[in-house]
*Asks:* 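For reference, the structure I am asking about is given below.
Proteins come first, then strands; the chains are lettered A, B, ... in the order of their sequence lines, and each starts at number 1. Since we're looking at a predicted model, the values are computed, not measured.
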2 protein chains.
Amino acid sequence: MYSKEILKGTLKPIILKLLQEQNRMYGYEITQRVKELTEGKINITEGALYPLLHKLEAEGVVTTDLENIGKRVRKYYKLTSDGSTIAQDLVEEFLDFMVTIKHVLDPNLKSGYGLSK
Amino acid sequence: MYSKEILKGTLKPIILKLLQEQNRMYGYEITQRVKELTEGKINITEGALYPLLHKLEAEGVVTTDLENIGKRVRKYYKLTSDGSTIAQDLVEEFLDFMVTIKHVLDPNLKSGYGLSK
DNA sequence: AACTATACATAAGAAAATTATGTATATTTG
DNA sequence: CAAATATACATAATTTTCTTATGTATAGTT
């Protein structure tokens, strides 16, 4: 696990990226998928996840539908068509940002392809 | 310029990395250096920078000394030896984190060296 | 039967940034 | 040479985003 402050600002791109790929996901599923993909290095907390999902719904980025699993209810989220554009843009911006910040934190790797300079 | 929320959590690693390289820098210099290195894509705001520098000083990560430039005063910051270790660790952690999050946002680039899989 | 996992939700508080404002000197430009 | 911009610090109010804690309830495992 990383120190807390390092995760800041990454939750939204992560969620939108996963929804882009999977089309339809519920909250708990998102937490598990991220844990899988990062080998346990990133654990999304519920207190961060659910409020953000609610906000994204309020903003029209995602829509929800409920599904009954036995006596429990799952809330599935999927991107709206607006949300799809927003997701694409934000993920792109984030990846671009990571290249940019590498120029500061790791200036030897100019292009990301090694010793090309 | 990136959307505001994307910069979150990156300021501290940036500052510590620069201090690691330059040994001694003042606040305004840091903002300009980051602008240079990122071709204007990252602009550190003063309201974020100065309070963080003050906090780092209070924590013993950096020390300061004042220098008179004409009638103006510059406040130079440098890493303490503790700060040096902290800087190293945080920058490493951040770079590791970026690799991890790429597994989520850009799963085709497993290793960062292209089509190695 | 007790513990862990699944599945949602919210509330209080902390942390980190934005935005706005303030002060003052130095340099450039029209 | 006056005005605008750049240099250089600082802080306060507010917002955003996350942590930590708590709550409820069903399902599966030991």
*Asks:* Look at B:K12 and C:dA15 and indicate whether a side-chain polar atom (N or O) is within less than 4.0 Å of OP1 or OP2.
*Replies:*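 Answer no for this pair, as no side-chain N or O of B:K12 is under 4.0 Å from OP1 or OP2.
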*Asks:* Atom CG of A:L56 and atom OG1 of A:T63: how far apart are they, to the nearest 0.5 Å?
*Replies:*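 Result: 11.5 Å between the selected atoms.
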*Asks:* Within the structure, does a side-chain N or O atom of A:H54 lie under 4.0 Å from either OP1 or OP2 of C:dC8?
*Replies:*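 So the side chain of A:H54 is outside the cut-off, no N or O lying under 4.0 Å from OP1 or OP2 of C:dC8.
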*Asks:* Can you check the A:L49 CG to D:dA21 C1' distance for me, whole Å?
*Replies:*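 Going from CG in A:L49 over to C1' in D:dA21 covers 17 Å.
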*Asks:* Quick one: CD1 on A:I30 to CE on A:M25, what's the gap to the nearest 0.5 Å?
*Replies:*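 Reported to 0.5 Å precision, the distance equals 5.5 Å.
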*Asks:* Are any of B:Y26's side-chain N or O atoms less than 4.0 Å away from OP1 or OP2 of D:dC9?
*Replies:*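 Answer no for this pair, as no side-chain N or O of B:Y26 is under 4.0 Å from OP1 or OP2.
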*Asks:* Shortest non-hydrogen contact from B:G60 to B:T80?
*Replies:*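 So the two residues come closest at O-OG1, 2.8 Å.
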*Asks:* Provide, to the nearest angstrom, the distance between the CD1 atom belonging to B:I42 and the C1' atom belonging to C:dT18.
*Replies:*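 In whole Å, C:dT18 C1' lies 16 Å from B:I42 CD1.
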*Asks:* Quick one: which of D:dA10, D:dT19, C:dC8 gets closest to the side chain of A:T45?
*Replies:*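 Looking only at side-chain atoms, A:T45 lies closest to D:dT19.
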*Asks:* Choose from D:dA8, C:dA17, C:dT10 the nucleotide whose nearest atom is closest to any side-chain atom of A:P51.
*Replies:*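 Shortest atom-to-atom distance from the side chain points to C:dT10.
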*Asks:* What is the separation between atom CG on B:L11 and atom C1' on C:dA15, rounded to the nearest whole Å?
*Replies:*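 One finds 13 Å between C1' of C:dA15 and CG of B:L11, rounded.
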*Asks:* I need the single residue from A:E57, A:K75, A:K78 that forms a side chain to side chain donor-acceptor pair (under 3.5 Å) with A:T64. Which is it?
*Replies:*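 By the side chain to side chain donor-acceptor pair (under 3.5 Å) criterion, A:T64 pairs with just one of A:E57, A:K75, A:K78: A:E57.
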*Asks:* Compare every heavy atom of A:A87 with every heavy atom of A:L79, then report the nearest pair and how far apart it is.
*Replies:*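 Taking every non-hydrogen atom into account, CD1-CB, 4.0 Å.
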*Asks:* Give every pair of a protein N or O atom and an N or O atom of nucleotides 26-28 of chain D that lie under 3.5 Å apart, one pair per line with the distance.
*Replies:*
| residue | atom | partner | partner atom | Å |
| --- | --- | --- | --- | --- |
| D:dT26 | O2 | A:R72 | NH1 | 2.3 |
| D:dA27 | OP1 | A:K71 | N | 3.2 |

*Asks:* Please classify the nucleic acid contact of A:G47 as base, sugar-phosphate, or nothing, using heavy-atom distances under 4.0 Å.
*Replies:*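 Since a base atom lies under 4.0 Å of A:G47, the category is base.
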*Asks:* Just how far, in rounded Å, is P of D:dT7 from CZ of B:R74?
*Replies:*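 Nearest whole value for this atom pair: 10 Å.
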*Asks:* With salt bridge (charged side-chain N to carboxylate O under 4.0 Å, His left out) as the test, pick out the partner of A:E67 among A:R24, A:R74, A:R72.
*Replies:*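 With A:E67 as partner, salt bridge (charged side-chain N to carboxylate O under 4.0 Å, His left out) holds for just one option, A:R24.
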*Asks:* Mind calculating the distance between CE (A:M25) and P (C:dA7) to the nearest angstrom?
*Replies:*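 So the CE-P distance, A:M25 to C:dA7, works out to 12 Å.
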*Asks:* So what does B:E29 touch, heavy atoms closer than 4.0 Å: a base, only the sugar-phosphate, or nothing?
*Replies:*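 Here B:E29 touches no strand at all.
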*Asks:* So, is A:Y50 near the phosphate of C:dT10, with a side-chain N or O under 4.0 Å from OP1 or OP2?
*Replies:*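 A:Y50 to C:dT10 OP1/OP2: no side-chain N or O under 4.0 Å.
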*Asks:* Nearest to the side chain of B:K75 - D:dA10, C:dA7, D:dT7?
*Replies:*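 Selected nucleotide: D:dA10.
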*Asks:* Can you name the nearest heavy-atom pair linking A:P13 to A:V91, along with the distance?
*Replies:*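 In this case the closest contact between A:P13 and A:V91 is O-CG2, 3.9 Å.
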*Asks:* Hey, which sits more toward the 5' end of DNA chain D by its nearest nucleotide, B:E46 or A:E46?
*Replies:*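 Result: B:E46.
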*Asks:* Under 3.5 Å, which N/O atoms of the protein pair with N/O atoms of nucleotides 1-5 of chain D?
*Replies:*
none

*Asks:* Starting at atom CD1 of A:I44, determine the distance to atom P of C:dC8, rounded to an integer number of angstrom.
*Replies:*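 Atom CD1 in A:I44 sits about 13 Å away from atom P in C:dC8.
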*Asks:* Send over the distance from A:Y28 OH to C:dA9 C1', rounded to a whole Å.
*Replies:*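 Roughly 16 Å, once rounded to whole Å.
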*Asks:* Provide the closest heavy-atom pair for A:E46 versus A:P51 in the form atom of the first, atom of the second, distance.
*Replies:*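 Distance-wise, the nearest heavy atoms are O-CD, 3.6 Å.
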*Asks:* Could you state the interatomic distance from CD (A:Q22) to NZ (A:K17), rounded to the nearest 0.5 Å?
*Replies:*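 So the gap between those two atoms works out to 10.5 Å.
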*Asks:* Using atom CG of B:N43 as one end and atom C1' of C:dA17 as the other, report the distance to the nearest whole Å.
*Replies:*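 Atom-to-atom, B:N43 to C:dA17, this comes out as 15 Å.
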*Asks:* Calculate, to the nearest 0.5 Å, the distance between atoms OH and CG belonging to A:Y77 and A:L16 respectively.
*Replies:*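 These two atoms lie 13.0 Å from each other.
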